[in-house]
Amino acid sequence: MLPTSKSCILCETEARKIYAAIFGGEIPLAVLNRFVVATQRLNANVPPAETDAYYRALLACDDLEALEVAARYTRKLPLLTRKFRLMAYLAETVPETQDFFINDRSNLLAGLWAAFTGGLRTAVKLPAGLWLLRRCAHV
Amino acid sequence: MSELIIVGSGAAGAAAALALADLGLRPLLLDVGHTDPGAGPRVEGNLYDYRRRHDTFGLYIGEDLHGLSDVLTGETGIAKLNAPNAAFVVQDAARLSPVEASGFDAIQSFALGGLGNAWGAGLYRFVDADLAGFPLRAADLAPYFDRLTGEVGISGAGDDLTPFFGATAGLQPPLRLSYNADRFYRSYAHRRAAFLAQGIQVGRPRLGVLSQPRDGRPGCDYSNTEFWQDAPYLYTPAVTLRKLIAAGQIDYRPGVLVRSWTETAAGVVVDATDAATGAALRFEGRTLLLAAGAIGTSKIVLRSFRDYDTALGLLENPAVQIPFVLPASIGRRLDAQAFGLTQLNLVWESPDHGRLQGSLLELTSPMRAEFFMRFPLAARANLALVRSLLPAMLLMQLFYPGAAQPPAQLSLREDGTLRIRGHENAISVRELAPLLGLMRSAGLWTAPMLIFKPATGHAIHYAGTLPMTESPARYQCDPTGKLAGAEHVYIADSASFTALPAKNMSFGMMANAMRIAEAAARR
């Protein structure tokens with residue numbers, strides 16, 4: 001199950017799924033290549049049982065965003081949240097993602113709307129994730 | 001034989017060297033002395049303009065993934081030390097001085113300029129209240145503060161905090177405030193009476209950051225690059241050392257790891273190793289000034305006395321980090337033209353711990369990803385908050401005096417490993433209620449669940465292992481810094497502090513190092 005440096009197909013799948021969960025769309029090639037290297041370094045710092053549980057969940061679940069927020073709230077699958085953080089750091093380094101991180105135009109209503117819809121989104125994703133977490137735990 | 005040997009090139013070592021150079025002496029400075037190889041990319045102009053046009057992997061993370069250290073290890077490090085350009089600051093520290101720590105973040109540097117290469121450059125004069133328990137008064141340090149103000153180039157202003165931060169002579173004008181900091185400062189001015197009634201005062205920081213060009217160095221350009229590259233407007237101790245080395249005013253010997261000393265009738269013999277090869281080295285001098293940082297200096301002292309039993313008390317400023325939101329700034333565009341470190345300071349005469357000092361920081365310089373998972377929502381919602389809420393936020397680092405918790409215990413094992421036993425950060429968030437209420441009235445909102453308590457040691461304000469007293473006993477020094485039980489050894493860094501006020505100690509330590517260097521030279 002665990003990816004090795006010689007076999008990174010799983011790492012690429014992992015990168016694509018996590019990028020899509022956070023940003024949507026196709027992962028930029030530079031971010032993909034860097035994630036593949038970094039994720040193996042991260043895996044090496046984690047007990048095999050933890051990485052095994054993580055990759056099982058990753059492959060079994062389609063809605064990683066829901067799974068991650070539920071995992072964060074229940075303190076399960078901590079590696080999933082670390083991988084999300086890893087992706088955010090790497091994605092921020094390429095010019096094509098800057099609009100996700102930087103607001104160039106002031107708009108109070110848009111800001112309040114983002115906070116409101118963010119809360120709603122979480123209210124939907126969290127129970128879905130809790131269900132997924134139960135299902136993934138039995139994969 | 002050298003007349004005077006200084007060990008360490010951090011803020012204390014640089015200040016001691018400056019004092020001796022001013023006297024026309026030429027000390028020998030022993031140092032490991034790692035330097036920035038300067039191989040990383042350099043941002044020309046504003047950080048956010050640069051990000052839109054360039055790949056910033058080399059700037060933010062680096063090929064060795066240094067910038068991802070926290071994520072890869074699962075530990076919470078110092079954000080500024082995770083920048084690739086700061087890798088040299090902590091390079092080799094684990095190998096050169098292994099530490100077995102529990103309940104304490106022990107960070108050491110073997111770089112030219114020491115941890116000052118990654119500091120926030122807060123430089124505050126000690127006033128008498130800060131020196132309670134010390135065998136000296138603020139007036140004893142005043143001439144050295146004046147000399148250093150001229151050397152460093154400090155920006156600041158006379159305001160409500162002048163009684164706490166001392167004389168304003170020689171200061172450059174303060175830096176321009178960010179939008180959010182300016183908004184809060186205006187609000188504070190309107191509610192000043194209510195703040196004062198609670199013992200809380202707000203004002204401009206004293207920073208070793210030029211607001212105007214000076215001595216060939218430019219003024220701050222508000223490019224937000226302070227975290228990511230050497231900024232010529234931001235002073236570090238290496239600025240002074242490079243100047244002294246270039247002028248031939250000190251004999252700088254890099255690549256040397258000092259291990260111990262032995263005293264002779266004529267002075268001291270310093271035993272050291274070549275930091276790269278481990279080969280034994282030996283230096284002779286009349287007087288030894290230890291300025292290797294409180295942890296490094298304590299290790300040298302314990303090893304010189306071959307003491308593997310005694311545990312020395314190590315002081316540190318406990319701290320809390322309080323994120324604030326300005327609701328009126330939600331959705332505002334990012335303040336891309338800002339100074340990315342301390343905007344304002346706050347002093348609070350708290351009922352529980354006495355005088356506390358806070359730094360209100362802009363969040364424009366760190367990576368946005370740093371905050372991505374600090375919000376409590378689903379990932380895409382958090383990403384939206386990074387974009388729309390983060391530009392409306394300020395972060396306060398509130399420092400407590402060292403006496404707010406018991407000192408950590410530092411000892412040396414025979415194999416050369418330092419052992420440091422600390423305590424969990426026990427600061428109570430409930431005690432902050434009066435402060436948070438007033439901040440809310442001035443437009444800064446937070447929630448107790450968002451307040452973060454970093455591990456003890458996180459402030460990197462280590463002190464007090466070899467305190468100075470009028471009648472020094474073992475592992476103490478006299479008011480001139482001379483170590484009890486040694487005739488030719490002086491403690492020039494914060495190891496000699498008797499107490500640790502909540503105020504950032506760097507400037508007080510530098511002035512005291514100059515005072516001690518002069519005293520040692522006179523002998």
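Only a predicted model underlies this, so the values are computations on that prediction, with no experimental measurement involved.
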In Å, rounded to the nearest 0.5 Å, how long is the span from OH of A:Tyr89 to CE of B:Met373? 11.0 Å

Measure the spacing between CZ of B:Arg368 and OG1 of A:Thr97 and express it to the nearest 0.5 Å. 12.5 Å

Is there a side chain to side chain contact (heavy atoms under 4.5 Å, CB included) between B:Asn382 and A:Glu68? Walk through the geometry before answering. CA-CA 12 Å; B:Asn382 277 354; A:Glu68 189 280 329; over 6 Å; no

Heavy-atom pairs under 4.5 Å with chain B: which of A:Glu92, A:Met87, A:Arg82 has the most? A:Glu92

Please rank A:Val94, A:Ile102, A:Leu90, A:Thr117 by heavy-atom pairs under 4.5 Å with chain B and give me the top one. A:Ile102

Scored by heavy-atom pairs under 4.5 Å with chain B, the best of A:Leu112, A:Thr122, A:Leu64 is A:Thr122

Quick one: which of A:Ala21, A:Ala91, A:Ala110 has the most heavy-atom pairs under 4.5 Å with chain B, could you say? A:Ala21

May I ask you to name which of A:Asn103, A:Asn45, A:Asp99, A:Leu42 has the most heavy-atom pairs under 4.5 Å with chain B? A:Asn103

Any chance you could measure B:Tyr48, atom OH, to A:Phe101, atom CZ, to the nearest 0.5 Å? 11.0 Å

If you look at every heavy atom in A:Pro95 and B:Arg53, which pair is closest and at what distance? CG-C, 4.2 Å

CG/B:Leu334 to OG/A:Ser106 distance, rounded to the nearest 0.5 angstrom? 10.0 Å

If you round to the nearest 0.5 Å, how far is OG1 of A:Thr39 from CG of B:Leu72? 9.0 Å

Heavy-atom pairs under 4.5 Å with chain B - which of A:Glu96, A:Arg85, A:Lys83, A:Arg72 has more of them than the others? A:Arg72

A side-chain contact here means heavy atoms from C-beta on lying under 4.5 Å apart; do B:Ile330 and A:Leu108 qualify? yes

Quick one: do the A:Gln98 and B:Arg51 side chains pair a donor with an acceptor below 3.5 Å? yes

From CA spacing to verdict: side chain to side chain contact (heavy atoms under 4.5 Å, CB included), B:Leu377, A:Lys125: CA-CA 9 Å; B:Leu377 304 183; A:Lys125 291 288 180 185; over 6 Å; no

